[in-house]
Protein chains: 2
Amino acid sequence: MTSKAAAVPDKPESRQERKERTRRAILDAALEMLADEGFGSLSLRALTKAAGIVPTAFYRHFSTLDELGLALLDESFMTLRGLIREVRGGDPAPETLIDRSVDVLSVQLEEHKAHFRFIGRERQGGNAVLRDAIRHELSLFERELATDLARMPGLERWGAADLHVLASLFVDLMVAAAGELVGPAADHPATRKELVDNLRNQARMIVVGAAGWEPLDR
Amino acid sequence: MTSKAAAVPDKPESRQERKERTRRAILDAALEMLADEGFGSLSLRALTKAAGIVPTAFYRHFSTLDELGLALLDESFMTLRGLIREVRGGDPAPETLIDRSVDVLSVQLEEHKAHFRFIGRERQGGNAVLRDAIRHELSLFERELATDLARMPGLERWGAADLHVLASLFVDLMVAAAGELVGPAADHPATRKELVDNLRNQARMIVVGAAGWEPLDR
DNA sequence: ACTTTCAGTGAACATTCGTACACTGAAACA
DNA sequence: TGTTTCAGTGTACGAATGTTCACTGAAAGT
């Protein structure tokens with residue numbers, strides 16, 4: 001097919017190019033299979049078959065299944081960090097911040113559905129290594145969010161504990177919303193709109209709470 | 001051992017008594033194993049071995065593994081409903097309601113850790129049947145919570161949409177907190193106290209938000 | 001006292017699993 | 001040019017999987 005009909009000479013393929021290509025095939029196959037099953041019940045044989053390689057070839061890229069899981073986590077948290085960066089970029093007008101954040105989340109969630117689904121699944125999943133890694137990364141994410149929030153007008157005098165309360169509320173909200181929006185129910189546009197609208201209102205109610213919040217102790 | 005040494009005559013065991021006993025053994029074994037793995041990777045052979053029966057005997061109680069999962073869900077949501085009932089009972093003074101709810105949740109969570117862990121795991125787990133069932137039950141739970149909230153002072157004039165926003169916030173918060181509190185990190189008393197304290201503050205911030213909330217449209 | 005019911009047994013099955021091992025062939029290197 | 005490296009192949013293995021079937025023996029029903 002592509003050998004002669006294609007106009008581009010796609011033949012010359014470096015050795016590490018090819019390796020990287022099958023590595024991606026493995027990662028993509030895993031992400032697709034993880035839509036139907038948990039990481040714990042992921043079969044190496046079925047995975048490699050879906051990736052188009054023979055079972056034993058897997059070990060040329062990962063020495064264990066857990067290593068594959070951690071690689072998937074790296075990818076997934078890359079996109080999660082991209083989310084916060086995209087929200088931060090542009091105008092940081094406090095008024096439009098909620099709408100902007102919800103919109104960005106909605107778009108990124110649709111674009112990298114597999115990554116967020118993976119995080120949401122394995123966050124409470126059976127594998128202890130993945131679970132702890134996700135917990136750690138999410139706490140870093142929350143911390144980063146907290147430092148951002150500290151610069152918001154009206155929150156300058158909040159203590160670390162207050163910021164933690166608010167940031168964890170937002171993270172919990174994001175995780176919960178992501179869990180809903182990656183599900184099959186969110187494919188129906190009207191249902192998806194309801195979910196996003198409710199998410200926006202939830203965020204607003206939390207912001208109202210933050211506005212009326214009197215900082216703890218001290 | 002128990003045949004002669006025991007003072008109680010534990011011999012006379014009815015047929016359905018015995019059946020119920022092994023059924024419980026299966027359910028308990030499953031709940032224990034589900035602390036380490038997802039339902040999707042639950043092995044029927046390992047399960048029946050843990051329950052003290054031969055693999056094929058499983059089918060005398062459940063015709064499929066999914067049926068076992070649904071039975072576990074029934075149990076788990078029984079305890080969840082017990083939670084809301086216990087909060088409702090006693091004095092419904094709005095002032096102490098948050099502290100009371102958090103305390104009840106903390107105790108019930110410790111007492112029925114396996115049930116809540118099961119719900120939290122399979123909520124985003126691989127099995128579509130369990131996932132949908134949990135989603136449905138949680139939406140019922142949220143609805144029930146919403147009708148309770150509708151009777152609270154200051155919320156009498158809220159619309160269904162407003163109540164949905166607040167109730168879903170509380171449910172998300174409860175699910176998130178449960179996920180943290182069933183983990184091994186919550187075994188350390190100091191860590192657990194931090195988690196519970198933060199949960200209480202999160203609930204308070206939401207309540208402040210609800211107090212300052214102006215109902216949608218109309 | 002007999003027959004029936006049925007929870008639990010035990011052997012056997014076809015699959016699927018993860019992994020070890022020796023291999024091939026082309027790219028990278030000398 | 002000849003040599004080395006190494007991603008991917010193919011076979012083979014023991015272990016574990018879910019499910020079948022005929023069975024046993026004691027409780028339940030007659």
Side-chain angles (χ1 to χ4, degrees), chain A residues 2-3 9-30 32-34 36-72 125-130, chain B residues 2-3 9-30 32-34 36-72 125-130:
Chain A
T2 51
S3 56
D10 52 0
K11 270 300 167 192
E13 191 176 27
S14 153
R15 188 124 100 172
Q16 53 180 335
E17 277 175 344
R18 178 165 168 74
K19 180 166 185 179
E20 174 59 26
R21 201 164 57 94
T22 60
R23 186 187 143 96
R24 265 256 62 86
I26 294 176
L27 291 170
D28 289 341
E32 190 178 334
M33 297 183 71
L34 287 174
D36 304 323
E37 55 185 325
F39 185 82
S41 58
L42 192 61
S43 155
L44 187 144
R45 291 186 101 104
L47 170 65
T48 50
K49 173 174 286 189
I53 57 174
V54 97
T56 54
F58 173 83
Y59 297 104
R60 302 293 179 187
H61 303 267
F62 307 96
S63 64
T64 174
L65 269 178
D66 278 9
E67 204 171 296
L68 166 66
L70 292 176
L72 288 174
N127 190 305
V129 176
L130 293 184
Chain B
T2 51
S3 57
D10 51 2
K11 271 298 169 194
E13 190 176 28
S14 151
R15 189 123 103 172
Q16 53 180 335
E17 275 174 348
R18 178 163 168 77
K19 179 165 185 180
E20 174 58 26
R21 202 165 57 94
T22 59
R23 186 188 143 98
R24 264 256 60 87
I26 294 176
L27 291 170
D28 289 341
E32 190 177 335
M33 300 184 69
L34 287 175
D36 304 323
E37 56 186 324
F39 185 82
S41 57
L42 193 61
S43 154
L44 186 144
R45 290 184 101 105
L47 169 66
T48 51
K49 173 174 286 188
I53 56 173
V54 98
T56 55
F58 173 83
Y59 298 104
R60 301 292 179 189
H61 302 268
F62 307 96
S63 63
T64 174
L65 270 177
D66 277 9
E67 205 172 295
L68 166 66
L70 292 176
L72 289 174
N127 191 308
V129 175
L130 293 185

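Residue numbers start from 1 in every chain, and the chains themselves are labelled A, B, ... in the order their sequence lines are given, proteins ahead of strands. This one's a predicted model, so the numbers in the text were calculated from it and none came from an experiment.
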Open item on the list: Quick check for you: to the nearest 0.5 Å, what is the distance between B:Asp36 atom CG and A:Asn127 atom CG?
Closed with: 11.5 Å
Identify all pairs in which a protein N or O lies below 3.5 Å from an N or O of nucleotides 28-30 of chain D, and state each distance.
from   : atom 1 : to      : atom 2 : distance (Å)
D:dA28 : OP1    : B:Arg15 : N      : 3.3

Task: Pair listing, salt bridge (Lys or Arg N to Asp or Glu O under 4.0 Å) test, anchored in residues 20-30 of chain A, at least two apart - done: A:Glu13-A:Arg21, A:Arg24-A:Asp28, A:Arg24-A:Glu75
Open item on the list: What range of DNA chain C does chain A touch, first nucleotide to last, counting atoms under 4.0 Å from its heavy atoms?
Closed with: C:dC17 to C:dA28
Task: Sequence-distant partners of B:Glu67, side-chain contact (heavy atoms from CB on, under 4.5 Å), two or more places apart - done: B:Phe62, B:Ser63, B:Thr64
- [ ] Quickly work out the B:Leu42 CG to D:dA16 P distance and round it to whole Å.
- [x] 16 Å
Open item on the list: Counting primed atoms plus P, OP1 and OP2 as sugar-phosphate and everything else as base, spell out the protein contacts along nucleotides 8-13 of chain D at 4.0 Å heavy-atom distance: B, S or - for each nucleotide, 5' to 3'.
Closed with: BBB-B-
Open item on the list: Without decimals, in angstroms, what is the distance between B:Phe58 CZ and D:dC21 C1'?
Closed with: 19 Å
Task: D:dG18 phosphate, OP1 or OP2, under 4.0 Å from B:Ser43 side-chain N/O - done: yes
- [ ] Would you give the length of the straight line joining atom CG of B:Leu65 to atom CG of B:Leu70, rounded to the nearest 0.5 angstrom?
- [x] 11.0 Å
Open item on the list: Can you tell me how far apart CG (B:Leu72) and CG (B:Leu42) are? Round to the nearest 0.5 Å.
Closed with: 9.0 Å
Task: Heavy-atom pair with the smallest gap, counting every atom of A:Leu130 and A:Phe39 - done: CD1-CD2, 3.6 Å
- [ ] Would you name the heavy atoms of B:Leu47 and B:Met33 that are closest together and state the gap between them?
- [x] CA-SD, 3.6 Å
Would you list the atom pairs, donor with acceptor, under 3.5 Å between side chains in residues 48-58 of chain B and any protein atom, with sequence neighbours excluded?
from    : atom 1 : to      : atom 2 : distance (Å)
B:Thr48 : OG1    : B:Leu44 : O      : 2.9
B:Thr48 : OG1    : B:Arg45 : O      : 2.9

